[in-house]
Amino acid sequence: MADMTDFRRVADDVRNWGRWGDGDELGTLNFITADKVAEGAGLVKRGKVFPLGVDFGSSGPQGAFHFRQNPTHVMTIDGGDTNTLLEYGPKWLQNPAAGQLAGYFDGNPMRFNDDLIIMPLQAATQWDALSHVYYEDQLYNGFPAKSVTSAGAFHCGIDKVDGKGITSRGVLLDIVRLRGADTYCPLGDPITPTELDDAARSQGVEVRRGDIVLVRTGWWARFLQTGDGAEPGAGLDWTCASWLHDHEVAAVAADNLMVENPASGVDGAFLPMHMLCLRDMGLMLGEYWDLTALAADCAADGVYEFQLIAPPLRVTGAVGSPVNPIAIK
Ligand code: UVW
């Protein structure tokens, strides 16, 4: 088991602070140049679209963390309202909305429905913004941790990456297939940097600067079988942060709840890979991405590269965002 001395040595090695300027809040997304965006678009050959987002619903994947819940979806106007609103709405003076709706519905057949959703931004398929984690009072690029306030993140919020799209060349590394696993990689053996290399080699794909790397652990398929959001499964070993750094990857996403392996691997460190990626490297993490259909297609045609498009929502000052990524081949 590694310790904090090992962790600090790696952190010093992978830290990108100042690399793109003192005020930079994009981190490794800077690797996505205009040429890189065009390279990704050039990979579209068949026009086949793979939605990688999972359902945002009450049966979502939350369960591992007690501080997060599955989305609560509420209808605020629906078909059942119509007749009652016409009957009572105009008289219900204390509720201007009822009167307004009755006015809209009276004397014409046109209707509409409305709804709202209450959920953690991390509830299902999502990006972690660079302000999601920190240690020793500093965020990515040395911004003070106190700049994330109850009013939101003044630095490194998800809204800061909007200009990047986010789109690039995507590469799938299918560890389930590499390991010859049935459907998923059970907890016990974290995914190592060597396996990332082996997966790329056996799939005949090269990981290059500015790529967005998708790692399939099979966790999502397992969750669909068990319905247990706390289902244990292998993630990336913390040492994969150096691999991502060496390959100058723009971002990494996986089909599990935290990309990294649930068992830390560093004595005295919680979420060491999150800290190295988000805080030291400035590399965003994508979680709960459904890679099952994409992986099946990649195995069928032997092509593990594609255009990836995954823009976050512009939630002002948020430390993460839901996303509905798509891969196009
Ligand atoms: C935590 O693990 C706290 O966050 P996430 O895995 O959603 O990035």
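Both ligands and their constituent atoms are indexed starting at 1 by order of listing.
- Pairs engaging residues 108-131 under the salt bridge (Lys or Arg N to Asp or Glu O under 4.0 Å) rule: none recorded [sequence neighbours left out].
- Within 6.0 Å of atom OH in Tyr88, 12 or fewer heavy atoms from other residues, nucleotides or ligands are found, so the atom counts as exposed in its surroundings.
- With respect to Trp127, the side-chain contact (heavy atoms from CB on, under 4.5 Å) criterion is satisfied by exactly one of His132, Met284, Glu287: Met284.
- Cluster partners of Met119, by chain and number: Phe56, Ile117. The rule joins Ile, Leu, Val, Met, Phe, Trp and Tyr whenever side-chain heavy atoms lie under 4.5 Å apart.
- Salt-bridge check for Glu248 with Arg208: failed, with every basic side-chain N at 4.0 Å or more from each acidic carboxylate O.
- For ligand 1, residues of the protein lying within 4.0 angstrom by heavy-atom distance are Phe65, Arg68, Gln126, Asp128, His132, Leu257, Met258, Leu271, His274, Glu287.
- Note on residues 229-239: pairs passing salt bridge (Lys or Arg N to Asp or Glu O under 4.0 Å), not counting sequence neighbours, are Arg222-Glu231.
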